[in-house]
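This report refers to the structure that appears directly beneath it.
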There are 2 protein chains.
Amino acid sequence: MTDQRLSDCLHCSMRSESIFAGLLPAELENLGMEVQDIALPAGERLYREGEPARYAYTLRSGAVKLYKTLSNGQEVILRLLHHGDLLGFEGISEKQHRNDAITLAPSQLCRLDLENLQALSQRLPTVQAAILQRWQDALRESEERIVELGAKRAEARLATFLLQWAQRYPHLRSVPFPLTRQDLGAFLGLSTEHVSRIMAEWKRQSFLHESRGHLEILQEPNLRRIAQELPGEKADKKNQD
Amino acid sequence: MTDQRLSDCLHCSMRSESIFAGLLPAELENLGMEVQDIALPAGERLYREGEPARYAYTLRSGAVKLYKTLSNGQEVILRLLHHGDLLGFEGISEKQHRNDAITLAPSQLCRLDLENLQALSQRLPTVQAAILQRWQDALRESEERIVELGAKRAEARLATFLLQWAQRYPHLRSVPFPLTRQDLGAFLGLSTEHVSRIMAEWKRQSFLHESRGHLEILQEPNLRRIAQELPGEKADKKNQD
DNA sequence: CGCCAGATTGAGGAATATCAAACAGAGTGG
DNA sequence: CCACTCTGTTTGATATTCCTCAATCTGGCG
């Protein structure tokens, strides 16, 4: 079920975008670190909140959700990860993972030993700088989320999210979309039903199309308009088609 | 109005908590960087969103809000900073500031030149590690905010916030509280009026007391209980006093 | 005292949640 | 191929939370 082998970083297709970008081939061969290449089906857990952090990961393909489960059982999704994103790096400075990580789709990852990684980042400033950069990106994204959650209404949040999701697959008309309505709600701070209502309405209006885990945005301008809407700015003119 | 002089990092009262902690005195004297010591009244702007980033700051005393202003004029506060917090460090890797920064109270800050800081952090791994750590803290805080905004109701958000604010002044019964109802709303994703209603109610119930820019939490257990409440967990028993 | 920004209060309405029921579609076993 | 089941989606009705707008109140201050 879990395919696992040693990774060949030197010839990795993602090398130029990874935290090891910028290293010389000689340095790469001398990482002093085992990098496991892992393939997982959908729904597999990478780690759990509170668990001792042993590994960090680079997501090479597929999708992963990072989330917390509250005392009433409600899930809150903190981040949704795509091709190229990192996870588990909080383990560099904290002993335990801060959240749960589960694959949403069949995924390929590189698994890095955190102790090795920490030693490595002390030795190679390039690597540390790369990690710092990723962290800043994550913080910027989180702050954008705060703006969405704090200031926008349900439709605007959902529209923003769908557009950003689709943007991660620039070359595809119809993009992979393994999220349930419940996932969407957990990410956007909305109830499952409310998400469903909005999605259903947009499908009726042909703003978008869904089929077998794929999503196609048919009327991007309309979604963009909705994504911008702020409280007190009701769009009087609906689409007329 | 703006008192400004060269800072003496070696004898700074915050040295042990700053990003320069762990440096030897000799290294400190050789920072190769001018550190300005700045004192500002309340309501002073440190920088504006989109402005070229020249400086980063360490807040030595007082309070600062980082916020964005949306197209409808609405403010969203991203972070509220206290004694010991950093700001403007996004300028290390981005050319422009991502948000506005304004003092909420009379504040003392250290101003660091970003170009020098960048060079410095390449040279001194200790400094870079310290910055990395602050970044991770900021990300953790942002993720906690996302949980608050995404999953909790107004009262729980406000209670959580007040408790955390008060915790920043562990030795004081009555803590400085320079926030307006509007600030609270902008931070918590609520309307000014809704915040006001809840605060007024809590004052009536003697959960807390407000006076001349200061706040005292009188019944911490009740606030803690409210802070934990999640949708679907109505507390039937109110306080009886 | 008069003024003014911020705080409070009230009434009504919009946005969203909750609860319950019906629906759809992808396996699965006969 | 069909009935069956299971899970996720959609829909409806109702309740709650929160916002908006407008008015009033309060405390500090010239």
Side-chain angles (χ1 to χ4, degrees), chain A residues 41-43 65 70 72-76 104-105 148-159 177-205 207-215 226 229-236, chain B residues 42-43 70 72-76 104-105 148-159 162 177-205 208-215 226 229-236:
Chain A
K65 66 172 170 180
L70 307 186
N72 63 350
Q74 186 181 0
E75 255 182 34
V76 180
L104 290 168
E148 293 288 313
L149 292 173
K152 292 192 179 176
R153 293 181 304 115
E155 294 195 358
R157 278 182 240 169
L158 183 52
F177 195 72
L179 303 175
T180 65
R181 300 292 184 257
Q182 195 169 348
D183 288 331
L184 287 169
F187 188 83
L188 299 171
L190 300 169
S191 71
T192 306
E193 296 92 330
H194 199 169
V195 172
S196 177
R197 270 183 248 276
I198 298 172
M199 290 290 284
E201 176 62 20
W202 286 349
K203 287 195 283 191
R204 271 189 292 271
Q205 298 192 281
F207 286 9
L208 44 85
H209 177 73
E210 253 186 323
S211 161
R212 285 170 295 110
H214 284 251
L215 172 77
I226 294 172
E229 277 173 17
L230 293 172
E233 295 181 353
K234 294 294 166 34
D236 283 295
Chain B
L70 307 186
N72 63 350
Q74 187 182 0
E75 254 182 37
V76 179
L104 290 168
E148 293 287 314
L149 291 172
K152 291 191 179 178
R153 293 180 307 116
E155 296 196 355
R157 277 182 240 170
L158 183 51
L162 294 180
F177 196 71
L179 303 174
T180 65
R181 300 293 183 256
Q182 196 169 348
D183 288 330
L184 287 169
F187 188 83
L188 298 171
L190 300 170
S191 71
T192 306
E193 296 91 332
H194 199 180
V195 171
S196 178
R197 269 183 250 275
I198 298 171
M199 290 291 284
E201 176 62 19
W202 286 349
K203 288 195 281 190
R204 270 189 292 273
Q205 298 192 279
L208 44 85
H209 177 74
E210 252 186 324
S211 161
R212 284 169 296 109
H214 283 252
L215 172 77
I226 294 171
E229 276 174 18
L230 294 172
E233 295 179 354
K234 292 295 166 37
D236 283 296

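So that the names make sense, note that chain A is the first sequence line, chain B the second, and so on, each numbered from 1.
Which of D/dT9, C/dT8, D/dT11 sits closest to the side chain of A/Ala200 comes down to D/dT11. Relative to the side chain of B/Arg153, the nucleotides D/dC18, C/dT16, D/dT20 differ in distance, and D/dC18 lies closest. Of the candidates C/dT8, C/dA7, C/dT16, the closest approach to any side-chain atom of B/Thr180 belongs to C/dA7.
Atom CG in A/Leu230 sits about 14 Å away from atom P in D/dC19, given to the nearest Å. For the pair B/Arg157 CZ and D/dT17 P, the computed distance is 13 Å after rounding to whole Å. Per the geometry, CD belonging to A/Gln182 stands 13 Å off P belonging to C/dA17, to the nearest Å.
Smallest separation of non-hydrogen atoms from B/Leu208 and B/Lys203: CD1-CG, 3.4 Å. The minimum heavy-atom distance between B/Val76 and A/Ala151, with the atom names listed, is CG2-CB, 3.7 Å. The nearest pair of heavy atoms linking A/Ala154 to A/His194 is CB-CE1, 3.8 Å. The two residues B/Ala186 and B/Glu75 make their nearest non-hydrogen contact at CB-O, 3.4 Å.
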* **Base-contact (B) and sugar-phosphate-only (S) positions in nucleotides 21-30 of chain D, heavy-atom cut-off under 4.0 Å, - elsewhere** => B------S--

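The shortest distance between the side-chain N/O atoms of A/Ser191 and the OP1/OP2 oxygens of C/dA17 is below 4.0 Å. Proximity of B/Ser196 to the phosphate of C/dT8: a side-chain N or O atom is located under 4.0 Å from OP1 or OP2.
Summarising the geometry, atom CG belonging to A/Leu158 is positioned 11.0 Å from atom CZ belonging to A/Phe187; distances are rounded to the nearest 0.5 Å.
Across all strands shown, A/Gly213 has no heavy atoms under 4.0 Å from either base or sugar-phosphate atoms. Using a 4.0 Å heavy-atom cutoff across all strands shown, B/Lys203 reaches sugar-phosphate atoms only and no base atom.
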